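Since the structure comes first, as structure tokens, the remarks are kept for the end.
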Amino acid sequence: MTPKRQAVRDLRRMFITSDSRFEPTTTRSSNLLGYSARIPRPRRSLGSRNGYTPSLAADSDSEQRTTSFPDAESAQTYRPGYLGPTSYAAGLPRDDYLNQSSHRRNSDGSDASDHELTFQHYISKSTRMRMTLDVLSSLRHICLIERLVLEYCESNQAGTVAAPIILNSLVSIKTTVEKFGLENTAPDAQLSTAILSNTMRPLEIPWSTEASSFHELFTGTKIRLEIIGLIVTIAARSMFFGLALDMWNGNDRRAIRPQFTNEMLRASTTCLELCMRLTTVNDLLLWLLYDNLLLTSIMCGDTSPPVWRRLGELATEIYALGIHREPRDIDIPIFLLESRRRVFCASYNLDKSIATFLGRPPRISWRHADVKLPLDLRDEDLAAAQPEFELACQNLDKDGWSTDGTHCRVSWIRLRCITGTFREEILDFSLEKLSEDTEPKLLDISRRCKQAWEALPAHLRYKPSCWDEDLPSGACLWLVIVYLTHLYNEFLIQKLLDKQPLTRNHPLLNVSMELLSTVLTLGQPRDRSFDSHRDFSYTILLYGIPSASVLVSALQEQARTGQAFPPQIARSEIIRNLSVLISNLESVARPGDGNYALCKKAAKVFTRIIDNVLDQGLVRNTHSDTPLDSLPAVGLDGLDSMDVMDLFDNMDWSAGGQWAF
């Protein structure tokens, strides 16, 4: 053989070897979890035996042939999801087979085939493997994770996922951890491959699935990244709120908590990033998105870009799964339908809170949804068998409220969703130019908001005496938070109306007094089952400072003009409550908390202004060194003043209140 011919043969052999890695043909091999996984199998060159290499031009077989890449994805990853009445699929002829397939009805443009797409995924398979191994390594803390999740299910008052489902999933995940020795050894690559393979498969939920066995679809041999991410997220939030305190002393906890929460946040976000890119939208993904959003806001603050982006992703996936619409035919288990209603309403509430705080348009609109409120049922009833579920439903009134006076976790979701619909209307006015017909429209919202509040069951309306009754402290806390949310709607309305002079604006002064006095009830020492100072910090920042700003402005105006307050407004009570607020501002935030600097500075601002007001001669002849405008109403005036921004630097607005979500 001549040297030239040998060189040509060597070159052809190099082409064959390098090209074979692009071949999608697979074979089956048993893996650790007990089922077959797809692994690459090399194939001969695309060229012919005589060395001819096909050109890029089309040939007779080009329509059947696709070019495959080593990191290509299954076409099922890109199912379009829910398609509404104006979509391209709405006008297509209906097919009887498609009508009988629930997962296709939610994705009319999807293709159930398992072929791969003809482009590379930007997260390579080797990178996915490393990311999954990192997530699995975080499960070495399974004993601590288990304890934190158990206490979460016992004490959390507003979880969106039924506690029995979380607990069943936790037990199964711990079994997997013990089976593969993840507490003491590094994760196995085959386990990582199996979990990735499971995650990439669409989550099919048969109509006959019971809540008690639901976890079997995504744990055990079918374990997925979504549920791992959800469990570690719950553990991190629980650690942040002071659960499992008896597992170590104070010094150990101060050292361990930041390391543990950061590792869990990283694992949670890694799971989320992989799932968002590799699988179709499903209920587990929404659960993970919602809880990851709460954890991100704890760690990064509500003002941080990651929180705003995560909220956008949550809204996008909600619409993609179609849970904003009531299904025409019930083709999913009833417990899952109720869970979807819970997730939508909880996400809707969170969207309104963040939109109010940032002064931005809401992402989730009630005008574009027809979903029903979730039934006011205990988690145990929701996860029970069908006969027990139906029996529990008999104890509900026509509006879906419990008639036995029970405070359920879902009760708070329902309440905040009702107040949230009015908040959405108010935000519409706050984000547009006001006109002459604005006042009657705002007053109409105020009237309807009060009517809705009065129509609520009596045991769900806050009254100060609830603290002296035989109620769990968590229930009392939630009664206060829901009432503050209701009051803040009226506060925003009166701020928009902006009646002058302020000293004669009885509606605004009255609601400001009620807001501030209600906030201060949380500062009284009471027996708590968890670290509640962060909830108090949250309520002070969101409700206390805006209402106090109005009252201090009124005191300044009165001192300057001599205009008396309305008979119903006591100047001495205003000063007394403001003094208590200042004391709380000086003590509620701990050194190292994100809002520590803000609370300290706000206390100094209020102290200086009140001192000037009390010294009548000084107030009439001089101006306060610190204008009250440096403390605008949160969510209404926004953070648009450069003089204000230094107050809000490095502030973590969500350092409390996550237990309230």
Side-chain angles (χ1 to χ4, degrees), residues 156-165 211 323-324 326-327 330 333-350 352-353 366 369-384 386-425 445 447-467 469-490 518 660-661:
N156 180 261
Q157 286 284 325
T160 56
V161 184
I165 296 177
I323 68 172
H324 63 297
E326 282 292 316
I330 306 300
I334 188 65
F335 79 87
L336 189 58
L337 176 62
E338 281 297 310
S339 297
R340 289 182 175 184
R341 290 168 177 166
R342 290 186 178 194
V343 170
F344 177 83
C345 291
S347 302
Y348 178 82
N349 300 336
L350 184 55
K352 299 304 157 295
S353 296
W366 197 261
D370 66 357
V371 63
K372 297 178 181 179
L373 291 177
L375 298 175
D376 192 20
L377 295 171
R378 299 181 308 130
D379 284 5
E380 293 77 11
D381 295 328
L382 180 63
Q386 189 69 19
E388 289 79 3
F389 174 84
E390 294 175 355
L391 182 62
C393 290
Q394 295 178 9
N395 294 325
L396 304 178
D397 65 15
K398 61 181 179 61
D399 296 319
W401 292 108
S402 173
T403 57
D404 59 6
T406 303
H407 296 93
C408 304
R409 296 170 78 184
V410 71
S411 302
W412 317 119
I413 296 176
R414 287 172 57 94
L415 288 167
R416 294 186 71 196
C417 192
I418 292 172
T419 60
T421 58
F422 296 109
R423 179 69 59 84
E424 182 178 335
E425 294 186 57
I445 297 174
R447 177 187 57 81
R448 290 186 286 112
C449 192
K450 293 173 183 176
Q451 287 179 346
W453 180 260
E454 293 299 324
L456 295 175
H459 70 282
L460 294 175
R461 281 177 282 155
Y462 169 75
K463 52 185 179 181
S465 61
C466 73
W467 298 102
E469 299 174 1
D470 188 21
L471 288 177
S473 59
C476 294
L477 171 65
W478 257 106
L479 288 170
V480 172
I481 290 173
V482 171
Y483 183 55
L484 288 173
T485 305
H486 164 70
L487 286 178
Y488 202 66
N489 282 345
E490 181 66 17
T518 305
F661 290 132

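Source: prediction; values computed, not measured.
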Using modelled atom types only, decide if a donor and an acceptor are shared between the side chain of [X] and the backbone of [Y] within a distance under 3.5 Å.
{"X": "N489", "Y": "F422", "value": "no"}
{"X": "S353", "Y": "N349", "value": "yes"}
{"X": "E326", "Y": "K372", "value": "yes"}
{"X": "T403", "Y": "N395", "value": "yes"}
{"X": "S339", "Y": "F335", "value": "yes"}
{"X": "E388", "Y": "D381", "value": "no"}
{"X": "E338", "Y": "L382", "value": "no"}

Answer yes or no: is there a side-chain heavy-atom contact under 4.5 Å between [X] and [Y]?
{"X": "W401", "Y": "L460", "answer": "yes"}
{"X": "L337", "Y": "P327", "answer": "yes"}
{"X": "R448", "Y": "I445", "answer": "yes"}

Test side chain to side chain contact (heavy atoms under 4.5 Å, CB included) applied to W412 and L477, L479, I481, the passing residue: L479
Evaluation steps, side-chain contact (heavy atoms from CB on, under 4.5 Å), between V410 and D376: CA-CA 6 Å; V410 71; D376 192 20; 3.7 Å; yes
Minimum heavy-atom distance between [X] and [Y], given as atom pair plus value:
{"X": "R342", "Y": "P374", "value": "CG-CB, 3.7 Å"}
{"X": "T485", "Y": "R423", "value": "O-NH2, 3.4 Å"}
{"X": "L377", "Y": "C393", "value": "CD1-SG, 4.1 Å"}
{"X": "H459", "Y": "S402", "value": "CE1-O, 3.9 Å"}
{"X": "I413", "Y": "A158", "value": "CD1-O, 4.4 Å"}
{"X": "G420", "Y": "K352", "value": "O-CG, 4.0 Å"}

Trace of the side-chain contact (heavy atoms from CB on, under 4.5 Å) decision for C449 with H486: CA-CA 8 Å; C449 192; H486 164 70; 3.7 Å; yes
Residues C476, S473; criterion side-chain contact (heavy atoms from CB on, under 4.5 Å); working and verdict: CA-CA 5 Å; C476 294; S473 59; 5.5 Å; no
Salt bridge (Lys or Arg N to Asp or Glu O under 4.0 Å) involving D397 - partner list, sequence neighbours excluded: none
For K463, all residues meeting salt bridge (Lys or Arg N to Asp or Glu O under 4.0 Å), sequence neighbours excluded: E469
CG-CG distance between L375 and D399, expressed to the nearest 0.5 angstrom: 11.5 Å
Pairs touching residues 403-413 that satisfy salt bridge (charged side-chain N to carboxylate O under 4.0 Å, His left out), sequence neighbours left out: D379-R409
Y348 and R416: CA distance, side-chain angles, deciding distance, side-chain contact (heavy atoms from CB on, under 4.5 Å) verdict: CA-CA 9 Å; Y348 178 82; R416 294 186 71 196; over 6 Å; no
Distance-only polar pair, side chains of Q386 and E390, donor-acceptor under 3.5 Å: yes
Y483 and W453 aromatic ring geometry - parallel, tilted or perpendicular at 30°/60° bounds: tilted
